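In what follows, chains carry the letters A, B, and so on, assigned in the order in which the sequence lines appear, proteins first and then strands, with residues in each chain numbered from 1. Given the structure is predicted, the values throughout are model-derived calculations rather than measurements.
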2 protein chains.
Amino acid sequence: MEKSAGGCPVEAAVKLIGGKWKIVILYQLVTNGPKRFNELRRIFPEVTQRMLTLQLRELEEDGLINRKVYHEVPPKVEYSVSELGQSLHQVLLHIQDWGLYYLDQKAAKN
Amino acid sequence: MEKSAGGCPVEAAVKLIGGKWKIVILYQLVTNGPKRFNELRRIFPEVTQRMLTLQLRELEEDGLINRKVYHEVPPKVEYSVSELGQSLHQVLLHIQDWGLYYLDQKAAKN
DNA sequence: CGGTATCCTGCCTGATACTG
DNA sequence: CAGTATCAGGCAGGATACCG
């Protein structure tokens, strides 16, 4: 008998990082350090403000990133990976590696 | 200057494996070998037939899986990973590893 | 068995306006 | 600056029924 759903580690992982923009956001924060809200907006212009907010909130709720508010004027909010988010570093690098491999393969076909 | 969108390998990878059920489907095919349509349905009862079909079609279009039709009665269709899909093996294992780590961490907190 | 076809809901987008 | 609010429109995804 094989476990399929329920406690499957792969499904658990996908639940956390499977959001539409979560992987790229995490990749950005893991490799390039903490970023402010509008910095992320500039980095991902194709992500709407609403979706960026939602994805960041979900990542925060799942404990993958930290949200630090600086009570200054003008206000400043910085997003950074948590310890749990940092533990995804290798996974994210492997995804990037595979992406490179895939793009190479595709380029070689032309 | 940093590349953010466009040819980013991470975004390219997410485009291919970022579908709602693609990672778990690929994981299943990579680790447990070729599967028929209704086998996959039984393994993932929470995925609707329509979505399973759509995700399989997209995976096929992107060259990640192969679809082999046996012209028998009753009909038989077998899905298996392609060479490109097989190249995701390590990535999928890393995702699984991280899922295990995450579930452990969560369990430890209780 | 392995799918389509159809309808329907709900999320996502895009634009714009507003707030602490 | 870092959001929230709202609304129109589109498209992804769900439920059900039907088909070769």
K.L.:
Report the distance from atom NE2 of H71(A) to atom P of dG3(D), rounded to the nearest whole Å.
P.N.:
12 Å
K.L.:
Once you apply a heavy-atom cut-off of 4.0 Å, does E72(A) come out as touching a base, just sugar-phosphate, or nothing?
P.N.:
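Here E72(A) touches no strand at all.
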K.L.:
K68(B) NZ to dG3(C) P: how many Å, rounded?
P.N.:
15 Å
K.L.:
Check the distance between dG13(D)'s C1' and F44(B)'s CZ and give it to me in whole angstrom.
P.N.:
18 Å
K.L.:
Using whole Å, what does the distance between atom P of nucleotide dG3(C) and atom CG of L56(B) come to?
P.N.:
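Computing the L56(B):CG to dG3(C):P distance gives 8 Å.
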K.L.:
Could you tell me whether W21(B) contacts a base, only the sugar-phosphate backbone, or nothing, with contacts defined as non-hydrogen atoms closer than 4.0 Å?
P.N.:
nothing
K.L.:
Could you walk me through whether V30(B) and L88(B) pass side chain to side chain contact (heavy atoms under 4.5 Å, CB included), step by step?
P.N.:
CA-CA 8 Å; V30(B) 165; L88(B) 271 167; 5.6 Å; no
K.L.:
Counting the atoms with a prime plus P, OP1 and OP2 as sugar-phosphate, which does R50(A) contact under 4.0 Å by heavy atoms, base, sugar-phosphate, or nothing?
P.N.:
base
K.L.:
Quickly work out the L40(B) CG to dC1(C) C1' distance and round it to whole Å.
P.N.:
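Those two atoms, CG and C1', are 13 Å apart.
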K.L.:
For the side chain of K76(A), counting heavy atoms from C-beta on, which of dA2(D), dG14(C), dG2(C) is nearest?
P.N.:
dA2(D)
K.L.:
Atom CD1 of I43(A) to atom P of dA2(D): distance rounded to whole Å?
P.N.:
12 Å
K.L.:
Please determine if a side-chain N or O atom of K20(A) lies less than 4.0 Å away from the OP1 or OP2 oxygen of dA12(D).
P.N.:
no
K.L.:
Of Q55(A), M51(A), E39(A), Q28(A), which meets side chain to side chain contact (heavy atoms under 4.5 Å, CB included) against F44(A)?
P.N.:
Q28(A)
K.L.:
Quick test of your reading of the model: are E58(A) and K22(A) salt-bridged, counting only N-O distances below 4.0 Å?
P.N.:
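Between K22(A) and E58(A) there is a salt bridge, with a charged N closer than 4.0 Å to a carboxylate O.
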K.L.:
Among the candidates dT4(D), dG20(C), dG2(C), find the nucleotide nearest to the side-chain atoms of P75(A).
P.N.:
dG20(C)
K.L.:
Between L54(A) and V77(B), which is nearer to the 5' end of DNA chain C once each is assigned its nearest nucleotide?
P.N.:
V77(B)
K.L.:
Tell me: CZ of R41(B) to P of dG3(C), nearest whole Å?
P.N.:
11 Å
K.L.:
Shared ILVMFWY cluster between L84(B) and L26(B), side chains joined below 4.5 angstrom?
P.N.:
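They do share one cluster, since a chain of ILVMFWY contacts under 4.5 Å joins L84(B) to L26(B).
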K.L.:
Considering only side-chain heavy atoms of M51(A), which listed nucleotide, dA15(D), dC12(C), dC1(C), is closest?
P.N.:
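Among the listed nucleotides, the one closest to the side chain of M51(A) is dC12(C).
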K.L.:
What's the CG-C1' distance between L52(A) and dT4(D), to the nearest Å?
P.N.:
14 Å
K.L.:
Starting at the 5' end of DNA chain D, which residue's closest nucleotide do you reach first, Q55(B) or Q49(B)?
P.N.:
Q55(B)
K.L.:
Regarding Y79(B), tell me which of base, sugar-phosphate or nothing describes its non-hydrogen contacts under 4.0 Å with the strands shown.
P.N.:
sugar-phosphate
K.L.:
Is it the case that atom CD in E72(B) sees more than 12 heavy atoms from other parts of the structure closer than 6.0 Å?
P.N.:
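Count over threshold, so yes.
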K.L.:
What's the closest nucleotide to the P74(B) side chain, out of dG3(C), dG14(D), dC1(C)?
P.N.:
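The nucleotide sitting nearest to the side chain is dC1(C).
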K.L.:
Between dC1(D), dG3(D), dC1(C), which nucleotide has the shortest distance from any of its atoms to the side chain of N38(B)?
P.N.:
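Nearest nucleotide to the side chain: dC1(C).
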